[in-house]
Amino acid sequence: RDSLIAKDFNIGKLLGLEKYLGKMNLQAYLDGQGVTDETAIIGMNGSVDSLEFMGNNFNKVQIAGILGGKRFNGYVNIFDELVQLDFNGNIDFNRDIPVVDFAADINDARLYDLNILKRDPDALFSSQVWCSFVGRKMDDIEGRLNIDSIYYTEGDKQIFVEHLTMLALKDGPFQKEISLRSDVLDAGISGTYRYVDLYPALTAMLNDHISLGYIGLKQPDSIVVGQDYSFDLVINNSDQVTDVFLQELRLAPNTSITGSVNTENGMFILTGLTDEITYSGLRFNNWNFDIRRSPESIKLNSQIKRFIFKEAENEDDVELGLGNLLLNAYAHQDSLDCIIRWADQQNNEHNKGKLAASLNFADTILQYARIREARVFIEDSLWTIDPGNLITLDSGTIAFKNLKFVGEKQLLSLHGKISKNITDTLSIEFRGWEFSNFDLLVNNDKLDLDGEIDGDLKFSALLDTI
């Protein structure tokens, strides 16, 4: 047994973890065997006054254990202003099937400075971790991960998760199951699949009916086969998490999503249910949806008991929304037909409506849209849209034909083109149009528009000014 004082010793190279670890300065008692990076096995007990890890340098590290040949079995203590860590366990990447088995206490980790989460420079993270996994690739992993007493603080906000457990099981090369249980949510996926194929398989199914390029999704490089799995997600209590990371979102407890995918028969099913979701001032009460894909089509059915897009406030007690909102959509060979219906629950004749529209995705840059039917009652007044309307999007040009909104003695009509071309003109015609119709669009309690307008407006090269 010898003592060693080393400077700029490349511990990352020794362990085969150069992506995470760099050089270190240490003073320790050593014994071991082997003379190369692959064969060296070193017993170490000492202190490190400089350790490069993920772009940072730690200068108060105690280490005791056996390391070498892409293996470490022992204890590490870090007491640093960036993190306080107690690690005890075994990491072995030298086996045919790597093993990770350890326990760790993490206190006051500064995630921003550690280059882990670039949000709040003063954010802190603490938890207790138990991890036991085997596997070389993501699809091969089996084992369990327990994380207790998770604390995350960001400014004056805090997230506390009492317990989180992830369990990964395998039955053969592709049959696998992963489950996640926590205070925030429960989730699981089970069946035959590869992680790398999950997204390409879904986009390939969509691409049969809707041009992915138009909706901003990349087309899959190849056809994915051999996927047959089911999945589920249930929200328990996500308020603390959304209050920090998605402040405009609120999900009611027991909000759930379930589904299944089978690439052999081309079937995809996705269903969802929630008592309430609010996002960016919009509120959805008692919402459920069902999406089903077959080789022939994609069908969507959705129902919302109450959709609120303007909440009542102290200075303005008017609440605006739609009751009993139904959406039915059918996608087939680059075309989409949809019908939207709603009705006020207290008085069906007071506020109700029906819209039917057709869209055609000719390719990734071209779309035709037409509102086939529109009958909307607002405060007992009937509004319709000329059924001869047509909207065309083509190579940076939006063209309107006979898009007329008619309500009793009011009319608003759009005809022409929006583009960057100075010769393309959009004409807007007003007849008896009440300015108060714009109140909802302005959505400003301190601004109330009144009066009527008759006349025509013409704009050219609109896209060049936006």
Side-chain angles (χ1 to χ4, degrees), residues 1-95 97-131 133-138 141 145 147 152:
R1 186 176 186 180
D2 299 312
S3 62
L4 172 68
I5 298 176
K7 184 176 182 180
D8 293 334
F9 176 67
N10 197 327
I11 185 68
K13 185 177 181 180
L14 175 66
L15 297 177
L17 298 173
E18 293 176 277
K19 182 178 178 180
Y20 307 102
L21 290 168
K23 297 178 180 180
M24 71 175 183
N25 300 334
L26 77 156
Q27 181 176 345
Y29 291 102
L30 303 177
D31 56 42
Q33 60 185 20
V35 294
T36 68
D37 293 340
E38 290 76 17
T39 62
I41 301 296
I42 300 172
M44 178 183 297
N45 189 341
S47 62
V48 176
D49 60 25
S50 177
L51 172 64
E52 296 174 351
F53 178 68
M54 293 186 67
N56 288 284
N57 191 286
F58 300 94
N59 52 29
K60 292 183 179 181
V61 181
Q62 297 292 323
I63 183 169
I66 299 173
L67 68 156
K70 299 182 180 181
R71 293 179 287 181
F72 175 77
N73 190 348
Y75 169 79
V76 176
N77 173 266
I78 298 176
F79 190 84
D80 192 271
E81 62 180 8
L82 297 182
V83 65
Q84 297 173 32
L85 170 70
D86 283 313
F87 172 96
N88 194 348
N90 176 37
I91 298 177
D92 190 344
F93 287 96
N94 198 41
R95 300 188 183 188
I97 301 178
V99 173
V100 176
D101 188 3
F102 68 85
D105 285 350
I106 304 169
N107 290 290
D108 295 335
R110 303 185 68 86
L111 302 184
Y112 187 95
D113 296 324
L114 290 169
N115 300 313
I116 295 175
L117 184 63
K118 289 295 187 178
R119 280 179 56 89
D120 182 356
D122 296 321
L124 297 175
F125 175 84
S126 300
S127 70
Q128 297 174 332
V129 181
W130 293 268
C131 179
F133 278 102
V134 297
R136 184 169 295 277
K137 298 179 180 179
M138 190 67 179
I141 287 178
L145 171 68
I147 307 178
Y152 176 81

Visitor: Would a 4.5 Å heavy-atom cut-off, applied to side chains only, mark Ser50 and Met24 as touching?
Guide: no

Visitor: Supply the atom-to-atom distance Phe72 CZ to Ile63 CD1, rounded to the nearest 0.5 angstrom.
Guide: 4.5 Å

Visitor: Would you mind reporting whether Val61 and Phe53 have side-chain heavy atoms less than 4.5 Å apart?
Guide: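 No; the side chains remain at least 4.5 Å from each other.
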
Visitor: Just how far is it from atom CD1 of Ile66 to atom CG of Asp92, taken to the nearest 0.5 Å?
Guide: 11.5 Å

Visitor: Test your reading of the model: is there a side-chain donor-acceptor pair from Asn90 to the backbone of Val99, 3.5 Å cut-off?
Guide: no

Visitor: Taking all atoms of both residues into account, what is the closest heavy-atom pair of Gly135 and Ile97, and its distance?
Guide: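 Result for this residue pair: N-CG2, 3.5 Å.
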
Visitor: Side chains of Tyr75 and Asp86 only: does a donor on one sit below 3.5 Å from an acceptor on the other?
Guide: yes

Visitor: State, to 0.1 Å, how close Asn115 and Lys118 come at their nearest heavy-atom pair, and which atoms those are.
Guide: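 Asn115 and Lys118 have their closest heavy atoms at OD1-NZ, 3.1 Å.
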
Visitor: I need the minimum non-hydrogen distance between Gln62 and Gly46, along with the two atoms involved.
Guide: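 Taking Gln62 first and Gly46 second, the nearest heavy atoms are OE1-O, 3.4 Å.
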
Visitor: Once you round to the nearest 0.5 Å, how far does NZ of Lys7 lie from CG of Asn25?
Guide: 6.5 Å

Visitor: How many angstroms lie between CG in Asp101 and CG in Asn88, if you round to the nearest 0.5 Å?
Guide: 10.0 Å

Visitor: Only counting residues at least two apart or in another chain, list the ones meeting salt bridge (Lys or Arg N to Asp or Glu O under 4.0 Å) with Arg136.
Guide: none

Visitor: Any chance you could measure Ile78, atom CD1, to Leu51, atom CG, to the nearest 0.5 Å?
Guide: 6.5 Å

Visitor: Hey, mind stepping through Val48 and Phe58 against side chain to side chain contact (heavy atoms under 4.5 Å, CB included) and telling me if it holds?
Guide: CA-CA 8 Å; Val48 176; Phe58 300 94; over 6 Å; no

Visitor: Checking the side chain of Asn59 only, and the main-chain atoms of Asp49 only, is there a donor and an acceptor separated by less than 3.5 Å?
Guide: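 Not a single qualifying donor-acceptor pair exists.
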
Visitor: Do the non-hydrogen side-chain atoms of Tyr152 and Leu111 ever get within less than 4.5 Å of each other?
Guide: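 Yes. Closest side-chain heavy atoms under 4.5 Å.
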
Visitor: Taking the side chain as every heavy atom from C-beta outward, state whether Val134 and Ile141 have any atom pair closer than 4.5 Å.
Guide: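 No, side chains not in contact.
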
Visitor: Restricting to side chain to side chain donor-acceptor pair (under 3.5 Å), what partner residues turn up for Asn107, sequence neighbours left out?
Guide: none

Visitor: Between CZ of Phe102 and CZ of Phe133, what distance do you get to the nearest 0.5 Å?
Guide: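 Here the interatomic distance stands at 9.5 Å.
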
Visitor: Can you list the residues that meet the salt bridge (Lys or Arg N to Asp or Glu O under 4.0 Å) rule with Asp105, with sequence neighbours excluded?
Guide: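 Salt bridge (Lys or Arg N to Asp or Glu O under 4.0 Å) check on Asp105 returns nothing, list empty.
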
Visitor: Does Lys23 reach the main-chain N or O of Phe9 with its side chain, forming a donor-acceptor pair under 3.5 Å?
Guide: no

Visitor: Return yes when atom NZ of Lys19 has more than 12 non-hydrogen atoms of other residues, nucleotides or ligands closer than 6.0 Å, and no otherwise.
Guide: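 Atom NZ in Lys19 is not packed in, count stays at 12 or less.
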
Visitor: Do Arg110 and Asp122 come within less than 4.5 Å of each other through their side chains, counting heavy atoms only?
Guide: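 SC-SC contact between Arg110 and Asp122 confirmed.
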
Visitor: Please examine the side chains of Pro121 and Asp113, heavy atoms only from C-beta on, and report whether any two atoms are closer than 4.5 Å.
Guide: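 No. Closest side-chain heavy atoms not under 4.5 Å.
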
